[in-house]
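Note that these values count all heavy atoms, side chains included, but never hydrogens, waters or copies made by symmetry.
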Amino acid sequence: MRASQYYISTTKESPSEAELISHQLMLRAGLIKRLTSGIYTWLPLGLKIIRKVETIVREEMNKIGGLEILMPAVQPAEIWQESGRWEFYGKELLRIKDRHDRDFCFGPTHEEVVVDLIKKDIKSYKQLPLTVYQIQTKFRDEVRPRFGVMRAREFIMKDAYSFHPDFDSLVDTYNNMYSAYTNIFTRLGLKFRAVNADTGSIGGTGSHEFQVLADSGEDVIAYSDESPYAANLELAEAFMHKSSRDTAQHAMQQVATPTQKTCAEVAKLLNIPLSNTVKSLVFEGIDGHPVLVLIRGDHELNEIKISKIKQVKQPLTFVNLDIIQQYFNCQPGFIGPVGFNGTIIVDREVNVMSDFVCGANLNGYHLNFVNFERDCNEPTLVADIRNIVSGDTTPDGAGKFKLCRGIEVGHVFQLRTKYSKAMNAVYLNQHGKTELMEMGCYGIGISRIVAAAIEQNHDKNGIIFPFNIAPFELIITPANYHKSDITRTNADTLYSSFRQAGVDVLLDDRNERMGSLLADSELLGIPYRITLGEKTLNEGKIELYNRKTGEIKLVELDGAVPHILALVKNHKKT
RNA sequence: CGGGGCGUAGCGCAGUUUGGUUAGCGCACUUGAUUUGGGAUCAAGGGGUCGUGAGUUCGAAUCCCACCGCCCCGACCA
């Protein structure tokens, strides 16, 4: 491709709308252009990257027997009512009406469509298992779109769905999918980690997220420094250090804490470790009465974990001050379990505490040396409801937790029979008996990958694309292309040689100054650059620049093509 | 939806507080000249519903009201 005939719209300044570095660079490099909030046009350069990502994804899906289909983006309300999600999906589902006033939605995901398809076509165990996938535009009316294509409303996603006669078959495909994902993200040249994940609103049992490691990521990943254990913080399980309480050593004692409302302040006043204190949180319960939740003073509540506890009302809601006054007779900051007769849910760490400090249910006072059973009711329920913290022992006991941030680019789920049950997707087994299909679903955020790759690979001059998804593999930047015959002839010859050899090459023949060409090539993140001008050509040499290492070396013009071909082929092997 | 900020040329901004000729600057764009190995210089140009609507006023980018859009911070997810 010749740059003079291509669509390149780079800018020096980044638009004020962009906060995240990848967003800024995508706009500056002219990969995308915003049409409206969370909705973007992909320009030729950006789309070229998307296509390269898609190709890798397709190849790996096909390798494990996935069959590509293309489902409609616009879906009728009926199938969503059938699955029950027309009501449950909420405002994120973009609902539209046709001319007959019938309800439709723009698909945020395709479980309904695919189940409807498969249940009508697949009748026998002989046709199972079956995996289909598509690469398609989705729409989710996000509460807050942000970071460009990272969290867009309209985005491109690969979604795959598998159907099985039994759970073993599902696990089989799930494992194949897991390996395929590992191959995909490896080939994309990304540093990533697969982690145990929450199954969220899609539902189901087993689930892993594929997280691209980046400080700007919205997710927190907890991983073990010794073992393979890794999980989203939302799910990361705390280790049980001890299983029983120590015996009480002291009688309960009321202490004045006139201004100390937080555990940290109380611990400081009493000169005790923060881990000896207990924090009290009050949520609305399902029975209309408040639920008291106890967490060790140095820990944080995990909202996902607590949301799974059936006594707690969904969505998770703190009770208001009046209710606290009514049930605890004090202000928040002095709440505690002593004298409270309602539901008490405690973290496992709290359950094994003795002689601890908590609020006295009396404004201005806390209690020291409190013990369950002796001083207050035993917990109604004991559960793991806290966030793990860096340095905690991992649940396998084999290492310590470390935390880092990640961008979720892929997610695999064992859906089991959630949708086949709701929509009656059944088949006949060997014995002619009707059975529910087992299902899995597997997503990859194609457009998000581009942003994630940039987030992970950039420097002050711009993007450093991993080779396999770079918009071009090689750029030729001639000095004085329009003035110097020798430069133009050599540049053209190199260009056609590389083209014939199958290299994805861009010849920057724009009539710009050298500085602009070089700056653009670096902004665009093209892995290799050949610079040539009369100065070096007269010595029979050209200059080869490696975007990633920053290395510049002079190469003999004669052997340049095979030399660079070898470099390119080496990348393509992976 | 709650809180904060913004809306003036493709991009980045000034002008708004205190209303007053023809609305400015830089980048980008067009033409010409000199240039050309790290984002050139000079000259001449094109490009504006000042977010929209309704008001106040002799006069509104500027003041008032309403609406719309965008960005950032909290509840969602690939």
Need one value for [X]: base, sugar-phosphate or nothing, where a base atom within 4.0 Å counts as base even if backbone is also close, heavy atoms only.
X      : value
A/E303 : nothing
A/I552 : nothing
A/R34  : sugar-phosphate
A/V409 : sugar-phosphate
A/G410 : sugar-phosphate
A/A152 : base
A/D520 : base
A/E17  : sugar-phosphate
A/K91  : nothing

Give me the distance, rounded to whole Å, that separates [N] from [M] when you measure between the [atom1] atoms they each carry.
N     : M     : atom1 : result
B/G4  : B/C11 : P     : 28 Å
B/A61 : B/G48 : C1'   : 11 Å
B/G15 : B/G74 : C1'   : 35 Å
B/A60 : B/U21 : P     : 12 Å
B/U49 : B/A9  : P     : 8 Å
B/G37 : B/G45 : C1'   : 31 Å
B/C1  : B/A75 : C1'   : 9 Å

Going by the side-chain contact (heavy atoms from CB on, under 4.5 Å) test, name the single residue among A/V53, A/V450, A/V409 that passes it with A/L188.
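With A/L188 as partner, side-chain contact (heavy atoms from CB on, under 4.5 Å) holds for just one option, A/V53.
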Counting heavy atoms not belonging to A/D215, are there more than 12 under 6.0 Å from its CG?
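Counting neighbours around CG of A/D215, 12 or fewer heavy atoms of other residues, nucleotides or ligands fall under 6.0 Å, so no.
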Watson-Crick or G-U wobble partner for [N], using a 3.5 Å limit on both distances?
N     : value
B/G46 : none
B/G39 : none
B/U16 : none
B/A75 : none
B/U21 : none
B/G26 : B/C11
B/G59 : none
B/U52 : B/A66

Taking the inter-plane angle between the rings of [X] and [Y] on a 0 to 90° scale, is it parallel (under 30°), tilted (30 to 60°) or perpendicular (over 60°)?
X      : Y      : result
A/W80  : A/Y89  : perpendicular
A/F185 : A/Y181 : perpendicular
A/Y6   : A/F472 : perpendicular

On a plain distance test, is the side chain of [X] in donor-acceptor contact with the base of [N] below 3.5 Å?
X      : N     : value
A/E512 : B/G39 : no
A/E522 : B/G38 : yes
A/R529 : B/G38 : yes
A/T536 : B/G37 : yes
A/N480 : B/G37 : no

Establish, with yes or no, whether the OP1 or OP2 oxygen of [N] is under 4.0 angstrom from a side-chain nitrogen or oxygen of [X].
X      : N     : result
A/R146 : B/G74 : yes
A/R144 : B/A75 : no
A/S16  : B/C13 : yes
A/R140 : B/C77 : no
A/S9   : B/A28 : no
A/S37  : B/C71 : yes

Tell me whether the NZ or CZ atom of A/R51 lies within the 45° cone about the ring axis of A/W42 and under 6.0 Å from its centre.
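No, A/R51 does not sit over the ring of A/W42.
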From the options [options], select the nucleotide whose nearest atom is closest to the side chain of [X].
X      : options             : result
A/R513 : B/G69, B/C77, B/U36 : B/U36
A/S516 : B/C77, B/G39, B/C72 : B/G39
A/A519 : B/G39, B/A78, B/G26 : B/G39
A/K483 : B/A78, B/U36, B/G37 : B/U36
A/K12  : B/C27, B/C11, B/C70 : B/C27

Could you give the [atom1]-to-[atom2] distance, from [X] to [N], as a whole number of Å?
X      : N     : atom1 : atom2 : result
A/R151 : B/C72 : CZ    : P     : 12 Å
A/R28  : B/C27 : CZ    : C1'   : 12 Å
A/N232 : B/A78 : CG    : P     : 11 Å
A/D141 : B/A78 : CG    : P     : 16 Å
A/H23  : B/C72 : NE2   : P     : 8 Å
A/I221 : B/A78 : CD1   : C1'   : 14 Å
A/M514 : B/U35 : CE    : C1'   : 16 Å
A/N511 : B/U30 : CG    : C1'   : 14 Å

Are A/K158 and A/Q134 packed together at the side-chain level, in the sense that at least one heavy-atom pair is separated by less than 4.5 angstrom?
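Not in contact.
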With nearest nucleotides of RNA chain B determined for A/L20 and A/A479 from heavy-atom distances, which residue corresponds to the more 5′ nucleotide?
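On the 5' side of the pair lies A/A479.
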Of A/K535 and A/S14, whose closest RNA chain B nucleotide lies nearer the 5' terminus?
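Result of the comparison: A/S14.
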Enter the distance from A/I118:CD1 to A/M423:CE here, rounded to the nearest 0.5 Å.
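These two atoms lie 11.5 Å from each other.
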Is there a donor-acceptor contact under 3.5 Å linking the side chains of A/Q75 and A/H110?
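The criterion, which ignores hydrogens and geometry beyond distance, is satisfied for A/H110 and A/Q75.
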Residue from A/E111, A/E82, A/R85 passing side-chain hydrogen bond (donor to acceptor under 3.5 Å, both in side chains) with A/Y419
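Single side-chain hydrogen bond (donor to acceptor under 3.5 Å, both in side chains) partner of A/Y419 among A/E111, A/E82, A/R85: A/R85.
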